[in-house]
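Single-structure report; data block below.
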Amino acid sequence: MKTHFLFPASYRRVGWVLLVPGLVLGSIMMGFDALNEVAELPVFAIWDDGILSPPVIMGLTHNNIIDEVAVVLIVAGGMLVGFSKTRDEDEFIGSIRYESLVWAMYVNFGLVLVSTLFLYGMAYWYFMLLNIIGMLVFFVCRFHYKLYQLRKSDRDEE
């Protein structure tokens, strides 16, 4: 089966190198407010609505870049880990990838529905922040768990 939309297998390792530090940085950022003031830098903004400052359109604004760095690392790493070919890529692994992607979408949007009905205020806002990376993280976890199960069953049969 030709898979034109997947990255080469060698990109998977780069993905892990980006994903793991991104998850650690994101977890630290969510847990410690003091970290939020460390990296306040001028950045280019297409649009900053200026909650505590004047609005900026197509200009420089000051922003803590820790969250942007964490999200970029997680998304880039997750994409490379989730969408790089495996060394033994075939139709069955492609079907596991497809099923994992659909499963991740169902779980993610199910959680969005539940959180919309039962979370309010800052709890809902925090959930929506996590939802930015939720589907990708669910997909990567499910896909690799299924690959682990497949390879384990192959080893047990030998």
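Using a 4.5 Å cut-off on side-chain heavy atoms (C-beta onward), His144 and Val81 make contact. Looking at Leu101 and Arg142, their side chains never come closer than 4.5 Å, going by heavy atoms from C-beta outward. A heavy-atom distance below 4.5 Å is not found between the side chains of Ile93 and Lys85. In this structure, Lys152 and Asp156 have side chains that are in contact, with non-hydrogen atoms separated by less than 4.5 Å. A heavy-atom distance below 4.5 Å is found between the side chains of Phe139 and Arg97. Here the side chains of Val137 and Leu130 are not in contact, with every heavy-atom distance at 4.5 Å or above. Counting only heavy atoms from C-beta outward, the side chains of Trp125 and Leu119 never approach each other to under 4.5 Å.
Not a single donor-acceptor pair under 3.5 Å links the side chain of Glu157 to the backbone N or O of Asp154.
Heavy atoms only, all atoms of each residue included: Leu18 and Ala76 are closest at CD1-CB, 4.1 Å. When all heavy atoms are compared, the tightest approach of Ala70 to Gly22 is CB-O, 4.0 Å. Contact record, Ser100 with Phe143: OG-CA, 3.4 Å, taken as the closest heavy-atom pair.
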Would Phe118 and Phe127 count as a ring-ring contact (aromatic ring centres under 6.0 Å, His included) here? Give the steps. CA-CA 11 Å; Phe118 299 111; Phe127 177 79; over 10 Å; no
Checking Val112 against Met128 for the side-chain contact (heavy atoms from CB on, under 4.5 Å) test, could you report, in this order, the C-alpha distance in whole Å, the side-chain angles of both residues, the deciding distance, and whether it holds? CA-CA 8 Å; Val112 168; Met128 286 297 148; 4.1 Å; yes
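Asp88 CG to Leu147 CG: the interatomic distance, rounded to the nearest 0.5 Å, is 8.0 Å. Taken to the nearest 0.5 Å, the OG atom of Ser10 stands 7.5 Å off from the CZ atom of Arg87. In this structure, the separation between OH on Tyr145 and CD1 on Ile96 is 12.0 Å, given to the nearest 0.5 Å. Put simply, CG on Asn63 and CD on Glu40 are 6.5 Å apart, with the number rounded to the nearest 0.5 Å. With rounding to the nearest 0.5 angstrom, the CZ atom of Phe109 is 11.0 Å from the OG atom of Ser115. Expressed to the nearest 0.5 Å, how far CG of Leu19 lies from CG of Leu23 amounts to 4.5 Å.
In the hydrophobic cluster analysis, where Ile, Leu, Val, Met, Phe, Trp and Tyr join through side-chain heavy atoms closer than 4.5 angstrom, Leu80 is grouped apart from Val17. Cluster membership for Val114 and Tyr124, using ILVMFWY side-chain heavy atoms within less than 4.5 angstrom, is not shared. The cluster map of Ile, Leu, Val, Met, Phe, Trp and Tyr, joined by side-chain heavy atoms under 4.5 Å apart, puts Ile132 and Val140 in the same cluster. Criterion: ILVMFWY side-chain heavy atoms under 4.5 Å apart, direct or through other members. Under it, Met122 and Met29 are part of a common hydrophobic cluster. Criterion: ILVMFWY side-chain heavy atoms under 4.5 Å apart, direct or through other members. Under it, Tyr11 and Val72 are not part of a common hydrophobic cluster.
Other residues sharing the hydrophobic cluster of Tyr106, ordered by chain and number and joined by side-chain separations under 4.5 Å: Tyr98, Val102. Cluster partners of Ile46 are Phe44, Trp47, Ile57, Met58, Leu60, counting Ile, Leu, Val, Met, Phe, Trp and Tyr whose side-chain heavy atoms approach within less than 4.5 Å, directly or via other members.
With Val69 as the fixed residue, the side-chain contact (heavy atoms from CB on, under 4.5 Å) test singles out one of Leu73, Ile66, Asp67: Leu73.
Annotation: Phe92, atom CZ; neighbour count of heavy atoms from other residues, nucleotides and ligands within 6.0 Å does not exceed 12.
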